[in-house]
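Read through the structure below, which is laid out as structure tokens, and then see the notes.
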Amino acid sequence: MKLFGKDFLFSQPVRQYIKLLAMKEYIFSEIEKRWQKYWEENKTFKTADDFSNPKKYYILDMFPYPSGAGLHVGHPEGYTATDIISRYKRMNGFNVLHPMGWDAFGLPAEQYAIQTGTHPAETTRKNCDNFRRQIKELGLSYDWDREINTTDPGYFKWTQWIFIRLFNTWFDSETGKGRDISELEVPEEIRAKGKQSINEFIDSHRLAYYDNAQIWYCPSCRIVCANEEVLNDGSHEKCGHQVVRKNLKQWMLRIPLYAERLLTGLEDLDWPEGIKEMQRNWIGRSTGAEVDFKIEGMEEKIRVYTTRPDTLFGATYMVLAPEHPLVSKITSSDKKDSVEAYLRAAALKSDLDRTDLAKDKTGVFTGSFAINPVNGTKIPVWVADYVLTGYGTGAIMAVPAHDERDFDFAKKFGLKIICILSPDVDDQEQKNKILEGNECWADDGAYINSSNPDEGLSLDGLNKEKGIATITKWLEEKGIGTAKVNYKLRDWLFSRQRYWGEPFPVIHWEDGEINILSDEQLPLNLPDLDVYQPGDNGESPLSNATEWLTVTGPDGRKGRRETNTMPQWAGSCWYYLRYIDPRNDSAPFEKVKEKYWMPVDLYVGGAEHAVLHLLYSRFWHKVLFDIGVVSTDEPFFKLFNQGMILAFAYETTTGAKVPSDMVSERDGKYYHSETGEELKQIVAKMSKSLKNVINPDDVISKYGADSLRLYEMFMGPLEAVKPWDDKGVRGVLNFLSRSYRLIAEPDNIIEGEEDGDVLRSLHQTIKKVTEDIENLRFNTAISAMMIFLNTATKKGKITRDTALKFVKILSPFAPHLGEELWMSLGNDKTLAYEPWPLAEEEYLRSDTFECPVSVNGKKRFELLLPVGLPKEEVVRIVLEDERAKKWIGDASPKVIVVPDRIVNIVIPVQKD
RNA sequence: GCCCGGAUGGUGGAAUGGUAGACACGAAGGACUUAAAAUCCUUUGGCCGCAAGGCUGUGGGGGUUCAAGUCCCCCUCCGGGUACCA
């Protein structure tokens, strides 16, 4: 062994020891701790409110609910992606806003309080501390001075402030915009009726209103559940008991008024098409017509909504929802008992019984008949719960021949089925069935039996599109119908019977008047409670807070505060705005700051929020835009959904799941460690019962944060669902270690000219990594860096310049190692703001390339060709090649040359 | 049922209509070591072959094209969302 230039002979243990000393070991735990401390102490990632830089980038993660379980490996996936882009953007001279906070109101802390008496604020604080620690250990470059917490009175003061704005805004359908309630014109006839009528009129226009609503209640937990907490089988997701419907006074928001804008606003957004589609479906715009039907022997008319006015000639009966106001009026005396019994039964049923469990339709005849306006036919009016009260007019005309639901109903109750559309089908047997009314046809075709000469109306022979246009025009001319747009989107139930949420800034006076607090009275804080048990009848625990609850006005009037609190969505509806100016005490944010930072340039989070959160946020934002609080119509310009991280799990041949700690692996196969049965490896969501939950803390201590980050990015495309494989983490750790060993070893870093291969590889890598970061394709960026490292390691030594450039492009992915290597290369301050290297064209060019030559589309051999060779030359060279001749024989081939890409020799196939 | 994704080696995955399987894991063999770990090197879709080479191959079936994992039509399976919205 050579030491100090001389040969020494050492015993084996000593040789090993010296080797160890000499070898640069990648000790990630030390490196990561050191740089996390440095970033924190130097506030490296503090975002300056420097508005002179026109290049701004607001990059946002969906903030987490800080659960007691701590971070799971799904969190770092999106966070790492945005962190890479943040770091990349900073190195490209952008002023980057990249904040983090806590969506900390929520059920679990309250449930825990019910069980243990611990104040939810206490639980929340602890959980946030834990989340913050875990997130900091990932080396994410958040500006922690902007941390927010939705449960902080300094935050929810402004949530309440926005609620006041919603309360004081009405939607002007003429301009399609929200306006201040003071600008609402009250019609003279209402004005004439006095103060109460005026107030009712105004209240009926506010975006936020207070009214009776049906909610889910879990009798077992004595708690009211959000819709999302009720599973498909009607059970409460927390306890498994069946929930029931209850009527309670609730706050509602008129989001459907914004349906059209929420729909059209999607067009210009750079969002995944699938998410846009989900929002569109949720909004559920449909075009059709409202048609009035006369009722035989009565003044009243029944108005129905239909998307198929063209099928009016096929309407053979009519259905009202059980809750329809005309039901009792039109019920004939002999049907009274049966109808009332039906209504009672329907009222007891949950929505669930009315849908899922009861595809088998029920209904009852009212005894009345309506007149079909197109042909004067008498058709029976039924009541059935397959018609919903909240959609359209709560009444339909039934066309059993051309609507599946009506068909089922008509079949069951023996109602007439008249086919009025000859279907576009080739199958003659099916066609006959449809024409005879024995099968339902909802698609296109040509109308038959659809004319009324007396009225000068005929659809016969037309197709669906023409039919709809013709009939709608006729209905409008006759004044019995109008074209109408409907939305599935309903008013948003905006209150929860909970303690741990934002209190509503309202007072209910004993005389029934509702007052909203003034801005100066905010925040309205939550009272401390001794018991967090919900009140009787599903009332919020706040109903126990007598002192807080009761208010006496200056006039001596007694009042009561709202016991409901806002849903968890409230805080998350606008948090991205608060990051802009998180400590502002006199406004939610300063206007100039909002103008500079908004909109969010990139928003990354899970697809589980595809509809609700993103729709709610957009709604609030549009209201705030209309009333001049924010400067953009849409909050999130670009959206990206990361895919879920799953884990391997095991099941027996019969499909029974086996917890991972009961599984042993031998020769790539899996066995039950007790029964010895061979098991199948499957991919499943991480769950406690499968014992396949991966804890980021464990991964960090075993492999380091940089490896965790790199692995999560290397697993596959960010948007894909992919299984965690611990072995894969080893692979990226290996890559980081090799990078460290190459660059941290001073002997490997040389001065002077770089080797041509290394230089080309370096610049190719810079190009690839730059493009891939821009397109959120981190997996291929990482593989490009691995390729470079393989090339560089083979050479053994690289120049300082090469090393510096490589460290820079590696650093967004593995920032701790990046800083460490940057320092080892002789720098003394962070590389976070060092300019991003440029891929230089001159090093990317190559004079020759291996041109693949295929014969009839199949690659046969490769040929080294100069770049830019004319086609004729290429053909000549190829045809002279022995390997080509072998395939061509004496045939006369056609040669297709794609310059600098590929050559295809086409030999006519001989026919036998 | 409807809507949206997806299916590529033993595994995760890569591939502007142009060399399918980059990169990584795993596996096998080898070097170093008393040994192990670590590290390094080689091989690695399947089939035939000593090799050269050939055949085959991106869930299945058709089609367009000089050329298809990629575009079009039909089907199967898997994942997510949604559910009587007239």
Side-chain angles (χ1 to χ4, degrees), chain A residues 12 15-16 19-20 23 25 232 272-278 280-282 284-286 288 304-308 311 319 354-356 358-359 361 384-388 390-399 402-406 408-409 442 486-490 607-608 610-611 643-644 646 648 667-669 681 683 711 714-717 719-732 734-735 737-738 741 777 779-787 789-790 793 850-862 886 893-898 901-907:
Chain A
Q12 169 56 26
R15 282 209 314 264
Q16 279 291 108
K19 222 169 154 185
L20 253 172
M23 200 159 58
E25 229 10 83
N232 271 341
E273 220 21 71
I275 302 294
K276 286 192 187 182
E277 200 52 36
M278 281 168 78
R280 286 190 197 110
N281 290 341
W282 194 265
R285 185 183 203 269
S286 77
V304 302
Y305 174 70
T306 175
T307 53
R308 296 293 306 274
T311 60
V319 186
R354 288 174 62 161
T355 58
D356 248 25
K359 284 288 179 199
K361 296 195 169 38
D385 62 10
Y386 82 91
V387 172
L388 307 173
Y391 184 77
T393 60
I396 62 154
M397 62 176 209
V399 186
H402 307 290
D403 182 289
E404 291 283 355
R405 296 152 300 182
D406 298 343
D408 293 346
F409 191 81
N486 255 314
Y487 302 93
K488 279 201 264 184
L489 190 63
R490 308 293 168 81
E608 64 272 22
V611 176
M644 220 187 320
L646 305 178
F648 290 122
D667 307 323
K669 287 183 176 164
Q681 190 183 55
V683 167
Y711 175 63
F714 186 62
M715 288 170 87
E719 68 275 18
V721 172
K722 47 217 171 253
W724 182 273
D725 183 359
D726 228 50
K727 288 172 191 148
V729 193
R730 289 219 66 89
V732 292
N734 194 16
F735 163 68
S737 308
R738 289 172 57 219
R741 283 200 301 271
R777 291 192 304 239
N779 54 332
T780 47
I782 293 166
S783 81
M785 290 189 285
M786 288 173 168
I787 293 169
L789 189 74
N790 289 343
T793 309
E850 289 282 344
C851 182
V853 179
S854 45
V855 179
N856 288 346
K858 250 180 215 138
K859 187 203 141 192
R860 291 303 173 186
F861 59 94
E862 277 170 7
K886 187 181 126 194
K894 192 170 124 194
V895 181
I896 289 169
V897 179
V898 183
R901 272 218 89 93
I902 198 168
V903 174
N904 191 12
I905 303 170
V906 185
I907 301 165

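Order of the sequence lines sets the chain letters (A, B, ...), proteins ahead of strands, with each chain counted from 1.
At the heavy-atom level, A:Gly274 lies under 4.0 Å from the strands shown only through sugar-phosphate atoms. Residue A:Arg730 is classed as having no contact, given no heavy-atom separation below 4.0 Å to the nucleic acid. Nucleic acid contact for A:Asn734: sugar-phosphate only, since backbone atoms but no base atoms lie under 4.0 Å from a heavy atom of the residue.
In this structure, the NZ atom of A:Lys727 is 13 Å from the C1' atom of B:A24, given to the nearest Å. The CD-C1' distance, from A:Glu608 to B:G79, rounds to 15 Å in whole Å.
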Practice task
Can you check each nucleotide of nucleotides 7-23 of chain B against protein heavy atoms at under 4.0 Å and return B for base, S for sugar-phosphate only, - for none, in 5' to 3' order?
Solution key: -----BSS-B-BB--BB

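The partner of B:C55 is B:G46, judged by Watson-Crick or G-U wobble contacts that both fall below 3.5 Å. The pairing partner recorded for B:A37 is none, the criterion being a Watson-Crick or G-U wobble arrangement whose two distances lie under 3.5 angstrom.
Applying the side-chain hydrogen bond (donor to acceptor under 3.5 Å, both in side chains) rule to A:Thr780 yields the partners A:Asp772; only residues at least two apart in sequence or on another chain are considered. Residues passing the side-chain hydrogen bond (donor to acceptor under 3.5 Å, both in side chains) test with A:Thr793, sequence neighbours excluded: none.
Note on A:Tyr386: every side-chain N or O is 4.0 Å or more away from OP1 and OP2 of B:A86. When the side-chain nitrogen and oxygen atoms of A:Arg860 are compared with OP1 and OP2 of B:C55, one or more of them lie within a distance under 4.0 Å.
Taking the P atom of each, B:U70 and B:C2 are spaced 25 Å apart, rounded to whole Å.
A glycosidic torsion no more than 90° from 0 defines the syn conformation; B:G17 lies beyond that range and is anti.
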